[in-house]
Amino acid sequence: MMGHTHALSGAAAWLLVAPGLAALPTVGGFAGDLTPVVASMLSPAELIAGALVCAGAAMLPDLDHPHATIAQTFGPATWVLSKAVNWASGGHRHATHSLAFAIAAGFGAHLLADRYPIGRDIVVILMIGLALRSIGIGIPGKTITSALVNIGLTAATFIMFHSVQVGYLWLGIAIAIGCLAHVIGDCLTERGCPVLWPLQHRWLLPYKIGLKTGRAFEVKILGPVLSVVVIGLFAARLIPASL
């Protein structure tokens, strides 16, 4: 599927499950003595941050494709990262397009959020950048200029989240959900995904029926429907919180 479709599916998935996740001790927060505290809901800022992170994570599996637009998010930095991921994963739509990768990425992000603030911040910044890039932030044909624009907007967004003291104990869950949304989305296409990698069998949903990426159904129907769903879910989650 196309980048913006993946990102929208990740944001929608987060907005659907976030209210239930807020009741988990590892998402609700920790008191100073590390005693788990159950929160009744995420703050509006955390809901928005989670949607952006999950949208970015829904692009993460495609870092195995150096020629994808997403690999140009931060210019040479993400291109080099994409080349490394491509080599390590065995090429496009191999290891990164699997359940194992979604779990590993989520668990790794959780460890960073819990133990290494600098690593956590790097992951959050990367996810915000991927999300912004996926919705078309940039200038066509201007790779470096687009990267600089993305860096500026990403930095401003991250600083805003920091200023309102967004907590990131939900980070690992958001990363895993985003990656899983990507895998499910690509299972709908004609090439499918090796969901149970390292087994090489590719799953197609519905069974043996695959959609063609970028065709009329995705562009004219699926994309707009997901946009409406995301807007509707944002309204449903944020308006009651502001009353």
Side-chain angles (χ1 to χ4, degrees), residues 6-7 10-11 13-14 18 21-22 24-32 34 36-37 39 42-43 45-64 66 70-89 95-134 147 150-183:
H6 281 308
W14 171 257
L21 293 175
L24 297 177
T26 55
V27 177
F30 288 88
L34 299 183
V37 177
L42 297 173
S43 70
E46 287 174 327
L47 192 70
I48 295 171
L52 272 177
V53 167
C54 205
M59 299 301 303
L60 194 57
D62 271 351
L63 277 177
D64 66 358
I70 206 67
Q72 303 170 15
T73 299
F74 293 143
T78 41
W79 183 83
V80 171
L81 175 62
S82 181
K83 290 288 286 186
V85 172
N86 177 269
W87 173 81
S89 65
T96 63
H97 287 65
S98 67
L99 181 61
F101 177 79
I103 294 173
F107 185 71
H110 175 73
L111 289 180
L112 287 175
D114 189 39
R115 302 179 184 179
Y116 305 102
I118 294 178
R120 173 204 64 201
D121 291 347
I122 291 173
V123 170
V124 172
I125 289 169
L126 176 59
M127 293 305 106
I128 293 173
L130 292 177
L132 294 178
R133 182 62 175 174
S134 70
N150 190 290
I151 289 170
L153 290 175
T154 298
T157 303
F158 179 76
I159 291 171
M160 179 186 67
F161 289 150
H162 184 72
S163 68
V164 295
Q165 297 182 327
V166 168
Y168 292 106
L169 290 177
W170 44 261
L171 182 62
I173 297 175
I175 296 291
I177 290 173
C179 291
L180 186 58
H182 183 111
V183 172

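Everything numeric in this text was worked out from a predicted model, so none of it was measured. Numbers for residues simply follow the sequence, beginning at 1.
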Task: Gap between atom CG of L130 and atom CD1 of I125 - 0.5 Å precision - done: 12.0 Å
- [ ] List the atom of I175, the atom of A109, and the distance in Å for their closest heavy-atom pair.
- [x] CG1-CB, 3.7 Å
Task: Nearest heavy atoms of C54 and G10, plus distance in Å - done: SG-O, 3.3 Å
Open item on the list: Using a 3.5 Å distance criterion without hydrogens, assess whether the side chain of S163 forms a donor-acceptor pair with backbone atoms of M160.
Closed with: yes
- [ ] Using modelled atom types only, decide if a donor and an acceptor are shared between the side chain of W14 and the backbone of I48 within a distance under 3.5 Å.
- [x] no
Open item on the list: Contact between L81 and F74 at the side-chain level, heavy atoms closer than 4.5 Å - yes or no?
Closed with: no
Task: Straight-line distance of F161 CZ to L52 CG, nearest 0.5 Å - done: 5.0 Å
Task: Considering all heavy atoms, the nearest L63-V85 contact - done: O-CB, 3.6 Å
Open item on the list: So, taking the atom named CD1 in I151 and the one named CG in L132, what distance separates them when rounded to the nearest 0.5 Å?
Closed with: 12.0 Å
Task: Test item: S82 side-chain N/O and T78 main-chain N/O as donor-acceptor pair under 3.5 Å - done: no
Task: Rounded distance (nearest 0.5 Å) linking atom CZ of F101 with atom CG of L60 - done: 4.0 Å
TODO: For the residue pair S89 and D64, confirm or rule out a side-chain donor-acceptor distance under 3.5 Å.
DONE: no
Task: Nearest atoms (heavy-atom pairs only) where G129 meets T154 - done: CA-OG1, 3.3 Å
Open item on the list: If I take atom CG from residue L126 and atom OG1 from residue T73, how far apart are they, to the nearest 0.5 angstrom?
Closed with: 7.5 Å
Open item on the list: Is any side-chain heavy atom of L99 closer than 4.5 Å to one of V183?
Closed with: no
